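The chains referred to below are lettered A, B, ... by the order of the sequence lines, with proteins before strands, and numbering in each begins at 1. In this text the structure is predicted, and so the values were computed from the model without any measurement. Note: hydrogens, waters and symmetry copies are ignored here, and every other heavy atom, side chains too, is used.
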2 protein chains.
Amino acid sequence: MRKNNNIIMSLRGITLWCVWLCLWEVSWGAVKQYKFDVQYMYGEPDCVEQVVIGINGHFPGPTITAEEGDTLHIILTNNLVTEGTVLHWHGIRQYGTPWADGTASISQCAIAPGQTFHYRFTVDRAGTYFYHGHYGLQKTAGLYGSLIVNLAKGKKEAFHYDGELNLLLSDWWHKTTLEQEVGLSSIPFRWVNEPQSLLINGRGQYNCSLAANVMKTSLSECKFRGNEECAPQIFDVHPNKTYRIRIASATSLASLNLAIGHRLVVVEADGNYVKPFTVDDIDIYSGETYSVLLRTNQDPKKNYWISIGVRGRKPNTPQGLTILNYKTNSATVLPTSPPPITPQWDDYNRSKTFTYNIFGLKGTQKPPKYYDRRLLLLNTQNLVRGYTKWAINNVSLTLPSIPYLASVKFNVNGSFDTKIPPNTFSEGYDIYNPPLNPNANTGSGVYMFQLNQVVDVILQNANVMKGQNSEIHPWHLHGHDFWVLGYGDGKFQQSDERKFNLKNPPLRNNVVVFPYGWTALRFRADNPGVWAFHCHIQPHLYMGMGVVFAEALLNVKRIPNQALACGLLRNVSIHKKHN
Amino acid sequence: MRKNNNIIMSLRGITLWCVWLCLWEVSWGAVKQYKFDVQYMYGEPDCVEQVVIGINGHFPGPTITAEEGDTLHIILTNNLVTEGTVLHWHGIRQYGTPWADGTASISQCAIAPGQTFHYRFTVDRAGTYFYHGHYGLQKTAGLYGSLIVNLAKGKKEAFHYDGELNLLLSDWWHKTTLEQEVGLSSIPFRWVNEPQSLLINGRGQYNCSLAANVMKTSLSECKFRGNEECAPQIFDVHPNKTYRIRIASATSLASLNLAIGHRLVVVEADGNYVKPFTVDDIDIYSGETYSVLLRTNQDPKKNYWISIGVRGRKPNTPQGLTILNYKTNSATVLPTSPPPITPQWDDYNRSKTFTYNIFGLKGTQKPPKYYDRRLLLLNTQNLVRGYTKWAINNVSLTLPSIPYLASVKFNVNGSFDTKIPPNTFSEGYDIYNPPLNPNANTGSGVYMFQLNQVVDVILQNANVMKGQNSEIHPWHLHGHDFWVLGYGDGKFQQSDERKFNLKNPPLRNNVVVFPYGWTALRFRADNPGVWAFHCHIQPHLYMGMGVVFAEALLNVKRIPNQALACGLLRNVSIHKKHN
């Protein structure tokens, strides 16, 4: 099948770069082609009409299902009127295809309106993933969808299940993303505030409640025919079976807690197996994915709530709800008990208990014992020239207009700060009573790693600018998994290293930093490219909460011209053709 | 001064193309440099807070004042987050600098976020102009400002005046431009509807009325300290003087009527002198500019309303108001009579009387007697694959992502339709009972003209798709003035040509087509470049109501790389360097 596809592609002769890409393609797996038309459209995610970003006329975007080893070829046409766009394939490591990571200003030029970009990359590992916009607040506007990679045929999962459900979770605002952006970059600063609704597979209810009959609410009961855009997607199950529930959080802001009125066995996190453990509900932060096993061992005469609620921030958003429908009942039968109560938002000990329980499944690759390089990254809120920003070691990331991948590799002068950002922060920094930090500034510098360097990152949380508060930050690394070596409260001390888990740490690409705490992770710089590492809370990233890692760029071989189609990069193109 | 500027620019060595541009620069006039930072910001144009596009933190953008012969060097930095942008210098012909016309998809690639573009062009003729966005609906979102070109020192105007006032008129919506765009390109179609407010120099009042004390209105009187963004700009005058009032209409939709309670002598239209004529009020269509002389010969103990109201569409927008303040009074003294009543919106005879009265001032260049080429352009509303469109000779313009100027000149294959659009429409077409027009389609074809060809265009209006109605369309030609040879009711006949005014037609770059009527114009294709010719009603252009003229492209010498910084054009760049 692969061969045929290649021939067809060559015959079509779409572009020269396609030809060599096709030839170079890895030899296992099929090529799965998707055509994605990205455009604004009317939608009613939470029953309130709004302009949303859709793909092929739908919100959320289509679910991509592939097999380990397949090559995905997504032909993205940007039909937004005046906005560029990109798509990031969250959790896919992009070995050999750093230009396909879908990060504007980092891996590629934003795709201009009317233009078509070809993403081609291998999904080399089974697991639960998703994709989303990575430009401005386009993710918040609805640019996301599920990406599920199944095991190659003949291979067996580490656990048994009879069926599979897929939950893509998100949060939703009635304020336009443009207004959110303007507020975040205004003096005085205006925060986006809490979302109006929580969505399960793009569906929520703002003006009514599914649970009006069983709980105290001023909202009336939702009445749906079922074909409404905001009608809940009901999940059918048979009694006494085991279901794998895939969960991905594409939230812009909200940390969530998911409960289904059944015990859940956590078996996968961010595309990696974890040591199974059983919980009543799970916490899931923006950017994280999980698989949990659910045994339908409850009363089959009833249906059950699937509910999500906000944690980690004082919530002002109703629970997101849908129904787990035992096929022994009609789908219209409502659960007879109220939905599970979301744990108290600031019960961080409960959150920590859940998170600290995640270990790599036996057989998970072990971390190198030693690191070559360590970064201590202090997370602070700062005022920079009157603007409210997040900064890492006093540098608030401002993305350049020309993507790093090309500008670092081809030495395009002046396109980013050549000053390398600091490896650490001042020893005397009091995370509980932070100084005013007048030296914080914006910057676009890059941390540079050599091939296969082992890098430790200690993320250090602190008090915010005003009042006594420290916020949760879920960090996400592109292009890699990392081992989560440990967490701790307070300021990281050299002695904390002794507590690092080098035995069975989970491999992940997302990790949370708890209030006033630190999180330690380790990864190997084995993927030539330029990779973002950032807080996955969209407005935090927008406010500068991220860093950029450039890794062994001499080893980056091919960047298609398409990824360079902006600004001064035309000179790069000339250079490439004549060298 | 010019020499010094060039040296400084060269020393700075900003970009290579700048060097030759500086050397090439015409030898008369000074270089006036402006730095424009384009960004979204909060604003209250009509006292209701909204997100608007501002320049350097202000809405509308700064007024540019220059002298005939000056070179304007506008350094535009795009600080919109994810949107490209351009600025069109409306009425400036751009001889020798077609790449600086500021039309996305036509003269240049949209400037990507974070990037800076250098517009350099000569303002070769004194007159009243303005500038505005020419990408998506960015003009509607507030991207505009005044551009006034004074006579060179020592030269005298054709009329005397003691002082000058400047009115930049526009219309304002509370619906976001994104939502307007989505509505216009949705099935079912959603019209933008009438504006909420009319603005004079970016200021209007939505929730209150300046004239509450003298007219019947449910709105309360506006109370201003004066420093509010939406407080009216009051125009000071001294009694018994003559004022030149410069007027430009940057409306998105509205045709306006302006009255000031004084007789007005029309002396300039679109940067050209006209034979002076006296009126009580003037009609002004989107894209038009005028100068009128006003003698302050009224009772100096009173102040007077400056009022604008909607014409040509059934209005649903209150008058825009401000005050002409005789300095003999305090600025806070309100006029004692109600504002002038805007003439009935559909009194087209009144509109025609005004428009048909405009002739070129004696000495205005006369049109060539004969044409080399004639286009009959039928304006129709059509359904194309379910979408509501405007079409010209059955072709609804869809702009390509790569600008014509480069793609036509350098033969970039596939970037636009090579099929040339039709010169005329079917003879049997009944403009009062139009057929269903099932053959209308979208297209991006270009009309090609040879250097110095004399081109006639007859714009033919018709019934809209539903009901008995025909709308006003103000057409604007880039890169040229044209002679307005005549107007007529009904369908243009060969015999109408006998009525053409070849004696003293006005030279303009905007002209209105009345309902069920035709308008004839003539121009010389003496400006190598690619030029838009379109209805200046922003949503109509968005729906495809325009055509593109490519003129003598072999004679286009220089296109700076900056204007080519998108898509396949990198290949052009390579080509240029090596030929």
Legend entry - Heavy-atom pair count under 4.5 Å with chain A, highest-scoring of B/Pro113, B/Ser185, B/Ser105: B/Pro113

Legend entry - Heavy-atom pair with the smallest gap, counting every atom of A/Val86 and A/Gly102: CG2-O, 3.3 Å

Legend entry - Close approach to chain B in residues 45-57 of chain A, criterion heavy atom under 4.5 Å: A/Glu49, A/Val51

Legend entry - Test item: A/Gln39 side-chain N/O and A/Asn79 main-chain N/O as donor-acceptor pair under 3.5 Å: no

Legend entry - Sulfur-sulfur distance A/Cys109/A/Cys566 under 2.5 Å: yes

Legend entry - Residue list, salt bridge (charged side-chain N to carboxylate O under 4.0 Å, His left out) with A/Asp417, at least two apart or on another chain: none

Legend entry - Top contributor to chain B contacts, counting heavy-atom pairs under 4.5 Å, from A/Val182, A/Val81, A/Thr82, A/Leu178: A/Thr82

Inset, instruction - Under 4.5 Å, counting heavy-atom pairs only, tell me which of B/Ala104, B/Ala112, B/Ala110, B/Gly183 racks up the most with chain A. - result: B/Gly183

Legend entry - Most chain B-contacting option - heavy-atom pairs closer than 4.5 Å, from A/Glu83, A/Met41, A/Glu179: A/Glu83

Legend entry - B/His132 and B/His88 aromatic ring geometry - parallel, tilted or perpendicular at 30°/60° bounds: perpendicular

Inset, instruction - Between chain A and each of B/Tyr42, B/Tyr40, B/Tyr542, count heavy-atom pairs under 4.5 Å; write down the option with the most. - result: B/Tyr42

Legend entry - Aromatic ring pairing A/Tyr144/A/Phe59, orientation class (parallel under 30°, perpendicular over 60°, tilted between): perpendicular

Legend entry - Step-by-step ring pair (Phe, Tyr, Trp, His ring centres under 6.0 Å) determination, B/Phe36 to B/Tyr131: CA-CA 12 Å; B/Phe36 273 22; B/Tyr131 60 86; 5.5 Å; yes

Inset, instruction - Would you mind checking which part of A/Glu181 comes under 4.5 Å of any heavy atom in chain B, side chain (CB onward), backbone (N, CA, C, O), both or neither? - result: side chain

Inset, instruction - Just say parallel, tilted or perpendicular for the rings of A/Trp191 and A/His540, cut-offs at 30° and 60°. - result: tilted

Inset, instruction - Could you tell me whether a side-chain N or O of A/Thr177 sits under 3.5 Å from a main-chain N or O of A/Gln180, the two making a donor and an acceptor? - result: no

